[in-house]
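Everything below concerns the one structure shown next.
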Amino acid sequence: MLDINFIKEHTDQVKQSMTNKGMNDTGLVDKVVEADRQWRELVQKVEKLRSESNQKAKKIGGLMKEGKREQAQKLIDENTKIKEQIQEKETDLDQFKNERDQLLLQIPNVADQSVPVGSDENDNEVVHTWGEPLKKEWRKPHWELNDFDGKLDFDRGSKVTGAGFPFYTGRVAQLQRALISYFLSKARENGYTEIQPPFFVNEDSARGTGQLPDKEDMMYVIPRDELYIIPTAEVPVTNYHRDEILSKDQLSLKYSAYTPCWRREAGSHGTEVRGLNRLHQFDKVELVKIVHPDRSDDELESLRVDAESLLEELELPYRTLLMCTGDMGFTQAKKYDLEVWSPGQEKWLEVSSCSNFRSYQARRMQIRYRGDDGDTHMVHTLNGSGLALPRVMAAVLEHYQLEEGGVAIPGVLKSFMRGDKL
RNA sequence: GGAGAGGUGGCUGAGUGGUCGAAAGCGGCGCCCUGCUAAGGCGUUAUACCCCUCGCGGGGUAUCGAGGGUUCGAAUCCCUCCCUCUCCGCCA
């Protein structure tokens with residue numbers, strides 16, 4: 001969420017930013033400012049009453065000790081009345097505060113100056129391309145490839161669990177594992193600390209990174225134990241430092257985490273979800289950064305480069321998009337998407353999304369650092385996929401498939417698995 | 001899962017109804033002393049929010065695992081939940 005004081009001082013900017021993200025209800029901004037004003041007004045009254053009551057309670061203590069019962073009783077009666085007044089106002093106080101906070105959660109992050117204003121994916125800017133996209137020619141989509149020892153077994157996945165839960169067997173399973181190892185070892189070279197987080201999180205964590213309340217339908221839930229199954233490692237890894245005050249020289253913190261991810265993907269069917277294009281369970285190596293506010297712009301660029309370099313070393317053609325205001329999501333200030341070329345399908349597949357959340361998540365999670373001034377300030381959080389496995393797998397299979405049959409193994413993976421081909 | 005013990009500031013640890021936001025020690029920071037170092041002396045050292053102030057700063061409220069309750073008054077009493085430790089059981 002945004003800082004209420006920032007909203008009060010930059011009302012027009014916040015409204016404009018909402019409009020740019022395609023949200024028309026800018027009246028929310030006025031409502032939140034008004035709710036805050038009402039809350040502040042009442043807070044002053046209630047705290048004054050509490051102060052009065054505290055003072056009297058202290059006097060009562062003294063009088064009781066001296067044995068002056070009657071005088072004490074008089075003050076007790078007065079305090080009972082004050083207490084009634086406080087209780088009356090406290091209901092409103094909570095209501096105003098809840099209303100304010102509720103509204104605050106509905107106001108999206110302000111987009112960075114450099115983000116193009118636009119309404120949908122057509123307004124995203126291609127900021128970088130690498131490699132020559134291969135023509136389809138004789139190439140097959142990955143779900144038709146099976147002339148090697150192992151397979152992507154969608155049918156048995158459907159039988160055992162359901163659509164979107166494939167088996168990877170034999171050489172394909174090994175290839176997947178090699179990719180994960182490669183991603184993690186690159187992350188280590190780039191200064192990220194590897195983390196193995198829990199795959200389930202509690203409600204506070206789900207709220208911290210913003211999956212709750214707005215994206216509840218995205219997650220699988222275990223109601224009996226009140227746990228949420230992670231849709232991305234971002235959730236447990238960023239929450240690792242929830243409610244902490246970090247020292248300035250701990251920053252920047254950089255973490256990598258390999259986890260499976262589970263997403264309900266309610267309502268998506270059809271050709272877009274063929275093969276590995278969209279799954280309910282998929283593997284991903286996630287990169288998370290917790291940084292000093294002054295550094296977050298630079299850290300986003302280096303995060304993006306960290307992700308891009310993986311595709312370059314795999315020699316997979318890709319392009320990088322700067323997402324426009326309308327396509328970037330609620331909590332981000334700036335976001336890049338990396339899309340790899342799929343020659344078998346002749347289309348671009350999103351394999352990474354690198355975002356700067358500025359202080360938006362940090363404020364929800366109360367992750368702060370102590371500055372040189374001795375005060376606490378919100379950190380900035382960033383994350384990016386490095387990378388999501390299934391579509392990279394699809395691109396590798398399609399890009400490295402051989403006309404005579406089989407699939408070559410990318411050079412960079414050769415130290416992570418046996419052989420030259422699948 | 002069963003039985004018991006416990007959760008207090010950066011850390012250790014006192015505190016069982018009033019002047020306790022909390023003793024003491026350690027650690028941190030500042031100053032003093034001192035050829036250097038070590039030792040020592042004095043002071044200072046939680047977080048959030050509200051109000052006043054240009055600022056320095058001042059006033060107030062809340063917080064002793066979390067939430068609720070009793071009371072004029074709760075770290076302290078009661079209830080619920082969470083977590084940690086010990087023993088037993090079960091188990092990869």
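In what follows, chains carry the letters A, B, and so on, assigned in the order in which the sequence lines appear, proteins first and then strands, with residues in each chain numbered from 1.
A:Tyr336 carries A:Arg304 over the face of its six-membered ring, with the cationic atom under 6.0 Å from the centre and within 45° of the normal.
In a base pair of the Watson-Crick type (N1 to N3 plus N6-O4 or O6-N4) or a G-U wobble (N1-O2 and O6-N3), with each distance short of 3.5 Å, B:rC20 is matched with no nucleotide. In this structure B:rA38 sits in no base pair that meets the Watson-Crick or G-U test at under 3.5 Å.
A distance-only check finds no donor-acceptor pair linking the side chain of A:Gln345 to the backbone of A:Ser342 [under 3.5 Å].
In this structure, A:Lys97 does not reach the B:rC49 phosphate: none of its side-chain N or O atoms is under 4.0 Å from OP1 or OP2.
No side-chain N or O of A:Tyr258 forms a donor-acceptor pair with one of A:Gln196 less than 3.5 Å apart. In this model, no donor atom of one side chain and acceptor atom of the other lie less than 3.5 Å apart for A:Glu234 and A:Asn239. The closest side-chain donor-acceptor pair between A:Glu9 and A:Asn5, if any, does not fall under 3.5 angstrom. Side-chain contact of A:Asn356 with A:Ser296: a donor-acceptor pair under 3.5 Å is present, judged by distance alone. Side-chain atoms of A:Glu313 and A:Tyr182 include a donor-acceptor pair closer than 3.5 Å. There is no side-chain donor-acceptor pair under 3.5 Å between A:Thr259 and A:Lys284. A:Asn202 and A:Ser205 share a donor-acceptor pair across their side chains, judged by distance under 3.5 Å alone.
Of the C1' atoms belonging to B:rU19 and B:rC56, the separation is 30 Å, rounded to the nearest Å. When the C1' atom is used for both B:rG4 and B:rG10, the distance is 31 Å, rounded to whole Å. Separation of the P atoms belonging to B:rG15 and B:rG6 is 13 Å when rounded to the nearest angstrom. Taking atom P in both B:rG2 and B:rC81, the straight-line distance is 12 Å, to the nearest Å. Atom name P, nucleotides B:rU16 and B:rU76: the rounded distance is 12 Å, in whole Å. Using P as the reference atom, B:rG65 and B:rG7 are 8 Å apart when rounded to the nearest Å.
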What pairs of nitrogen or oxygen atoms, one from the protein and one from nucleotides 15-18 of chain B, lie under 3.5 Å apart?
| residue | atom | partner | partner atom | Å |
| --- | --- | --- | --- | --- |
| B:rG18 | N2 | A:Ala57 | O | 2.8 |

Between protein and nucleic acid, restricted to nucleotides 74-78 of chain B and to nitrogen or oxygen atoms under 3.5 Å apart, what atom pairs and distances do you find?
none

Protein and nucleotides 61-64 of chain B: nitrogen or oxygen contacts under 3.5 angstrom:
| residue | atom | partner | partner atom | Å |
| --- | --- | --- | --- | --- |
| B:rU61 | OP1 | A:Asn54 | ND2 | 3.3 |
| B:rU61 | O2' | A:Arg50 | NH1 | 3.0 |
| B:rA62 | OP2 | A:Asn54 | ND2 | 3.3 |

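A:Tyr369 and A:His292 have tilted rings, their planes meeting at an angle from 30° to 60° on a 0 to 90° scale. Using cut-offs of 30° and 60° on the angle between ring planes, the pair A:Phe199 and A:Trp262 is tilted.
If A:Asn79 and A:Arg100 are placed on RNA chain B by their nearest nucleotide, the residue sitting closer to the 5' end is A:Arg100.
Counting to the nearest Å, the P atom of B:rU19 and the CD atom of A:Glu66 are 15 Å from each other.
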